[in-house]
Amino acid sequence: MEKILDLIADEVKKAFVSCGYDEKYAGVTLSNRPDLCEYQCNGALAAAKEYKKAPFVIADEVAQKLSQNSMFAMAESVKPGFLNLKIQKSFLADYIEQMCQDTGRYGCERTKQPKTVIVDYGGPNVAKPLHVGHLRPAIIGESIKRIGKFMGHNMIGDVHLGDWGLQMGLIITELKERKPDLVYFDETFEGEYPKEAPFTIAELEEIYPAASSRSKGDESYKEAAMQATFELQQGRKGYQALLSHILNVSVSDLKRNYENLNVSFELWKGESDAQPYIPEMVQKMKDDGYAYVSDGALVVDVKEETDTKEVPPCIILKSDGASLYNTTDLATIVWRMQDYQPDEMIYVTDKRQELYFMQVFRCARKTGLVKPVTQLKHIGFGTMNGKDGKPFKTRDGGVMRLEYLVDEINKEMLRKINENQKTREGVVISEEEAKETSKTVALAAIKYGDLSNQAGKDYIFDIDRFTSFEGNTGPYILYTIVRIKSILNKYKTVGRNEDGAVIEAPHSDLEKELMLTLSRFNAVMENAYEETAPHKICAYIYELANAFNSFYHATKILTEEKEQVQKSYIRMLGLTKAILETCIDVLGFQAPERM
Ligand code: ARG
């Protein structure tokens, strides 16, 4: 469906033209004075210069014209030259009715030019548990991916595991110390390696930090780890077999953890998958004259004339020939282009990596790893802070495991739900249901708390606020959905149905307000996709939930006597619920049946 703002703008354009003014002045926006009008056009102010007329005269002429148009209930010129507009109730009702009939899309069309987009938003490291630092990329990336999918694009999430480098050598070295008799360390072994891993995830999670801290004080241990890393990378069979055990054990644990966050990846590729592409890539960069040796290292210049600050060259290989973090990212681009031909790649990481990604993108472009039209985008997010305004930590100052954080919120949510139950008569939900529900609501609390902020900004992870049923929170949105579900259920229980329901012109200002908010759905979703901005969807559903609740408090829905009026209400409630549910689905969470 065409966006309502465009339909309005078309009429305003016609009016400008028929009054003898250029249509470029006919831009319409939502009103920033909702007390005065619903939409506004400020074009007369700009047109005044070109036509050497007072802006008010122009606004007035256009207003006169629009007053004869059945789309508008009001078209008013206001000094010095604003055009204030209100749309006709019946026009709005028709639009909402069409949205209702457009099941599943509610007026939001799929793109006509589907793109293939790879979203890189995991970055967990093998053998290390997920910690709070992994929360933001998971939440934001998953939502970006879902928004793109809803818009009809082919979105591919890649976890981009940190499975390469010294950490692997450290684990192997520590394992060798503990269990030297394992067949993986026997270089003469010719047989098949066991299927079962020689460690559990719990052991693995303990081995890695132990090895890492030991290597810091023990030079020869560190050397051994570096040697093991080298041998692994050279293809030593026993170590390769260990690597796949480490990967398997770790990945199944990571999958479980991501699943708990309602986050999933289409691709479980890692840094190690990029390694085979490095030699050829580097050779080509040299052959094409892009890569040259500077201070022993192989580098590619990526600075541009318009830079206002220093952009250092991209280091491709260190002086000892070793590859780096960015070599892996570049080689990852190589296989992604080869296997998926993406039109776009989006990276969701901490914003402190902004300069880094600028270098990588420029290098990829310059050396021809991507096509000139391939878009490369970095979405840098800010820090998740504790209430003290400092990066979120555990009480004893450590990095918090993601699981523990989620547990804590689950508990708090359960407490609130139980408390909430006490204040109500009627349905009392079982302990079992309360537990399930608290998980659903807790996830909404966490995700909405994060996504409602513009990604680039830091935010304060405030458990009390996030889990509140009131205010701009996830639980408030869910509460609204649950409220609608309950009304719709009651309506059905008394034996009524929606047969022959059509959206009637709004019966009150609050109902019109709700319809106006509903009508913006397609524009909001499209814009959130274009700007990779899930926070815009949060802002929208908060407004929608508020508009609904205001309408609900002022309107007798279930006791409405006129059948067609009631049916129209119920139909609009169904649409409100569907849109809220569609929006939270792209944000990556769901609503319970009751709470
Ligand atoms: N594994 C990396 C880390 O823990 C993050 C990877 C981010 N993504 C990327 N394509 N570089 O720091």
Side-chain angles (χ1 to χ4, degrees), residues 1-3 5-6 102 104-123 137-160 262-269 273-274 277 329-349 351 353-354 357-358 360-381 451 454-456 520-538 540 582-588:
M1 272 169 78
E2 206 162 336
K3 281 167 276 186
L5 203 56
D6 291 343
D102 190 11
R105 305 299 308 177
Y106 317 109
C108 182
E109 283 173 29
R110 275 195 190 82
T111 177
K112 291 187 183 68
Q113 278 122 4
K115 290 196 279 184
T116 296
V117 183
I118 294 189
V119 193
D120 179 319
Y121 65 102
I139 293 178
I140 298 166
E142 180 73 18
S143 177
I144 290 174
K145 189 178 81 180
R146 285 166 177 250
I147 294 170
K149 270 193 188 156
F150 185 77
M151 291 311 298
H153 297 284
N154 174 25
M155 306 296 286
I156 304 169
D158 180 14
V159 71
H160 198 68
N262 203 11
V263 168
S264 65
F265 296 93
E266 283 66 23
L267 297 178
W268 278 82
K269 297 277 196 178
D273 291 296
Y277 296 86
D329 264 320
L330 288 164
T332 300
I333 291 179
V334 173
W335 72 248
R336 284 181 183 161
M337 290 305 289
Q338 178 193 295
D339 296 354
Y340 294 91
Q341 296 89 39
D343 300 289
E344 185 173 355
M345 285 178 244
I346 301 177
Y347 295 76
V348 186
T349 78
K351 72 175 170 205
Q353 294 195 40
E354 208 153 302
F357 278 106
M358 182 199 255
V360 169
F361 294 169
R362 283 185 181 182
C363 182
R365 215 170 269 298
K366 183 173 176 180
T367 62
L369 301 186
V370 296
K371 295 190 208 151
V373 292
T374 312
Q375 284 180 307
L376 298 168
K377 198 184 278 172
H378 177 233
I379 304 292
F381 53 78
L451 292 170
Q454 205 178 322
R520 278 163 45 212
F521 170 66
N522 51 9
V524 169
M525 191 61 95
E526 235 179 85
N527 181 252
Y529 173 73
E530 272 156 19
E531 299 189 5
T532 6
H535 73 275
K536 298 215 164 169
I537 294 176
C538 293
Y540 172 67
T582 304
C583 288
I584 64 171
D585 185 58
V586 300
L587 295 174

With the side chain counted from C-beta on, respond yes when [X] and [Y] share a heavy-atom pair under 4.5 Å apart, and no when they do not.
X    : Y    : answer
F381 : V348 : yes
T349 : P137 : no
E344 : T374 : no
M345 : D120 : no
V360 : I333 : yes
L267 : V159 : no
P534 : L587 : yes
E526 : E530 : yes

Exercise. Please walk me through it: do V370 and L376 pass side chain to side chain contact (heavy atoms under 4.5 Å, CB included)?
Worked result: CA-CA 9 Å; V370 296; L376 298 168; 4.2 Å; yes
Exercise. Salt-bridged, E142 to K145, with N to O below 4.0 Å?
Worked result: yes
Problem set entry | Salt bridge present between E109 and R105 (N-O < 4.0 angstrom) | no
Exercise. R336 pairs by salt bridge (Lys or Arg N to Asp or Glu O under 4.0 Å) with which of D273, D329, D343, D158?
Worked result: D158
Least distance between heavy atoms, [X] atom then [Y] atom:
X    : Y    : value
A331 : A274 : CB-O, 3.4 Å
V119 : G141 : CG1-O, 4.2 Å
A138 : V263 : O-CG2, 3.8 Å
L330 : L369 : O-CD1, 3.7 Å
C108 : N522 : CA-CB, 3.6 Å
G148 : M155 : C-CG, 3.6 Å

For this session: Kindly assign one of parallel, tilted or perpendicular to the pair F357 and H378, based on the angle between their ring planes and the thresholds 30° and 60°.
Result: parallel
Which value, rounded to the nearest 0.5 Å, describes the distance between [X] atom [atom1] and [Y] atom [atom2]?
X    : Y    : atom1 : atom2 : value
T332 : M337 : OG1   : CE    : 13.5 Å
D585 : S143 : CG    : OG    : 10.0 Å
E531 : I147 : CD    : CD1   : 11.0 Å
Q454 : L451 : CD    : CG    : 12.5 Å
I584 : C538 : CD1   : SG    : 11.0 Å
I537 : T582 : CD1   : OG1   : 10.5 Å

For this session: Would you indicate whether Q113, at its atom CD, is surrounded by more than 12 heavy atoms from other residues, nucleotides or ligands within a distance under 6.0 Å?
Result: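 Not buried by this count: 12 neighbours or fewer within 6.0 Å.
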For this session: Any chance you could lay out the side chain to side chain contact (heavy atoms under 4.5 Å, CB included) test for R520 and Y540, step after step, and finish with the verdict?
Result: CA-CA 9 Å; R520 278 163 45 212; Y540 172 67; 3.9 Å; yes
For this session: Take M1 and Y106, measure what side chain to side chain contact (heavy atoms under 4.5 Å, CB included) needs, and give me the verdict at the end.
Result: CA-CA 8 Å; M1 272 169 78; Y106 317 109; over 6 Å; no
Problem set entry | Evaluation steps, side chain to side chain contact (heavy atoms under 4.5 Å, CB included), between Y340 and I156 | CA-CA 9 Å; Y340 294 91; I156 304 169; 3.6 Å; yes
For this session: Please report the C-alpha distance between E266 and K149 in whole Å, then the side-chain angles of each, then the deciding distance to 0.1 Å, and finally whether the salt bridge (Lys or Arg N to Asp or Glu O under 4.0 Å) criterion is met.
Result: CA-CA 13 Å; E266 283 66 23; K149 270 193 188 156; 3.0 Å; yes
Exercise. Pick from R110, M525, R146: which one makes a side chain to side chain contact (heavy atoms under 4.5 Å, CB included) with M151?
Worked result: M525
Exercise. Can the ring centres of Y121 and F265 be said to be less than 6.0 Å apart?
Worked result: yes
Problem set entry | Y529-H153 aromatic ring centre distance below 6.0 Å |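 Ring centroids of Y529 and H153 are less than 6.0 Å from each other.
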Problem set entry | side-chain hydrogen bond (donor to acceptor under 3.5 Å, both in side chains) between K115 and N154, intermediate numbers included | CA-CA 6 Å; K115 290 196 279 184; N154 174 25; over 6 Å; no
